[in-house]
Amino acid sequence: LAATLDHLPDADSRVVIRIPKGTSLKGVLDILLQKLIEPEYEPFRAKLRSAHEQLDPERAAGLLCEMLAQTLAEKVVAAKIKVLSNPMDRNSRDVVDYGKPDVLQTLLRNQSLRDRHFVGETGNTSAPIRRLVEQLSHSRDSNEEDDRKHLFVPEDLDFAGVDTSDVGQTVRTAIMQLSRPERRAAACRVLNDALDEAKQSLLGIDPTVTDLFDAVRAKLLEQGKELILLIEDFVVLSGIQKQILQVVIKEAFRDGEQV
């Protein structure tokens, strides 16, 4: 599609940004930096460069554990309010049950579990958090099958083979609460719901991406051009998904005027 658009007679009236399948978030930021070179975008470019530099796998893995714990704490507060108004809201009840301080937050913040399970040693891409961070910084060729797990899976919360001999009773109790497969599946859904926001906090680019595209659209409108985003696999945008969605669904016309 990108090649077809580039060869149409009116190709100069469009700015096409293509994000291939397998692109890491770091690769997505690279694409944006390369495409948006005009001086008026420099404040946004500076913010994106800063986010780009944050994507060091060693540093980011530990930080993502903490950002996830913080995001869960915020979601628990909101979920408690929803449960009060609708006690049958299963999703909110799960957030309260598994996102509370003495379950997932405790597990994510325990240094022994970070070292032995969530983050592990350099090169251990099977460690859940390290695996997710690796996807932020390492792209795959678009012709290569990307078999990486971009989200948490229930097996990520199975601590059966992890040495927990030196962890406290609070951590042991939290692990016991996830001993059944259906509980690990529910807790996994809670983690995945928090993942995008946690990555945004890690990168510090909210609302930079939304503001950037608003500025780009305004500039292109002045030039009589349109912006086209071609995204082959939306999951690779984990960390800026919410902001990109806001860009995509934002109305182009208001009160009969193009905006």
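The shortest non-hydrogen separation linking S112 to V167 is CB-CG1, 4.1 Å. Nearest heavy atom pair, residue A61 against residue V119, reads CB-CG1, 3.7 Å. When every heavy atom of P154 is checked against every heavy atom of C188, the shortest pair comes out as N-SG, 3.7 Å. Closest approach of A79 and S92 over heavy atoms only: CB-O, 3.6 Å. Nearest heavy-atom pair across A69 and L108 is N-CD1, 4.0 Å. The shortest heavy-atom contact between P87 and L84 is CD-O, 4.3 Å.
The CD1 atom of I129 sits 7.5 Å away from the CG atom of L195 when rounded to the nearest 0.5 Å. To the nearest 0.5 angstrom, T71 atom OG1 is 9.5 Å from Q105 atom CD. Annotation: the span from L132 atom CG to L191 atom CG amounts to 9.5 Å, rounded to 0.5 Å.
Side-chain contact between L72 and Y98 is absent, with no heavy-atom pair separated by less than 4.5 Å. Side-chain atoms of V95 and N91, non-hydrogen and from C-beta on, never get closer than 4.5 Å to each other. Counting only heavy atoms from C-beta outward, the side chains of R93 and K82 never approach each other to under 4.5 Å. Side-chain contact between D166 and R116: present, with at least one pair of heavy atoms (C-beta onward) separated by less than 4.5 Å. By the 4.5 Å heavy-atom criterion applied to side chains, R114 and R109 are counted as neighbours. Between F159 and L107 the shortest side-chain heavy-atom distance falls below 4.5 Å. With contacts defined as side-chain heavy-atom distances shorter than 4.5 Å, the pair F118/L68 does not qualify. For the pair V171/T164, no side-chain contact is recorded, criterion being any heavy-atom separation below 4.5 Å from C-beta on.
Neither side chain, E197 nor S201, offers a donor N or O lying under 3.5 Å from an acceptor on the other. Between E74 and Q70, the side chains place no donor N or O within less than 3.5 Å of an acceptor N or O (distance only, hydrogens not considered).
Judged by distance alone, with hydrogens and angles left aside, the side-chain atoms of R172 form a donor-acceptor pair with the main-chain N or O of S165 at under 3.5 Å. The backbone N or O of P128 lies less than 3.5 Å from no partner atom in the side chain of H117, so there is not a single donor-acceptor pair. Side chain of N110 to main chain of L113: a donor-acceptor pair is present (N/O by atom type, distance under 3.5 Å, no hydrogens or angles). Looking only at distances, no side-chain donor or acceptor of N192 sits under 3.5 Å from a matching main-chain atom of R189. R184 places a side-chain N or O within donor-acceptor distance of the main-chain N or O of L178, the cut-off being under 3.5 Å.
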Carefully, step by step, assess Q177 and T173 under the rule side chain to side chain donor-acceptor pair (under 3.5 Å).
CA-CA 6 Å; Q177 291 200 51; T173 302; over 6 Å; no
Go through the steps to decide whether D97 and R90 satisfy the test salt bridge (Lys or Arg N to Asp or Glu O under 4.0 Å), and finish with yes or no.
CA-CA 10 Å; D97 290 342; R90 182 72 259 176; 3.7 Å; yes
Can R131 and D156 be said to form a salt bridge (Lys or Arg N to Asp or Glu O under 4.0 Å), step by step?
CA-CA 11 Å; R131 180 188 76 227; D156 293 335; 2.9 Å; yes
With side-chain contact (heavy atoms from CB on, under 4.5 Å) as the test, would you mind laying out the steps for V15 and I228 before giving the verdict?
CA-CA 6 Å; V15 172; I228 297 180; over 6 Å; no
Where do L64 and K199 land on the side-chain contact (heavy atoms from CB on, under 4.5 Å) test, with the steps shown first?
CA-CA 7 Å; L64 184 55; K199 288 180 179 178; 4.1 Å; yes
One pair to check against side-chain contact (heavy atoms from CB on, under 4.5 Å): L230 and I19. What are the steps and the verdict?
CA-CA 6 Å; L230 300 178; I19 301 175; over 6 Å; no
Test R14 against D10 for salt bridge (Lys or Arg N to Asp or Glu O under 4.0 Å), laying out the working first.
CA-CA 8 Å; R14 304 182 189 89; D10 59 347; 3.0 Å; yes
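When hydrophobic side chains of Ile, Leu, Val, Met, Phe, Trp and Tyr are connected at separations under 4.5 Å, V83 ends up clustered with V96.
Linking Ile, Leu, Val, Met, Phe, Trp and Tyr residues whenever their side-chain heavy atoms come within less than 4.5 Å places L229 and L220 in a single cluster. By the criterion of side-chain heavy atoms lying less than 4.5 angstrom apart, applied directly or through intervening Ile, Leu, Val, Met, Phe, Trp or Tyr residues, L157 is grouped together with V162 in one hydrophobic cluster. Both V16 and L8 belong to a single network of hydrophobic side chains, linked directly or stepwise wherever heavy atoms of I, L, V, M, F, W or Y lie under 4.5 Å apart.
Of the charged side-chain nitrogens involved, at least one lies within less than 4.0 Å of a carboxylate oxygen, so that E232 and R18 count as a salt-bridged pair.
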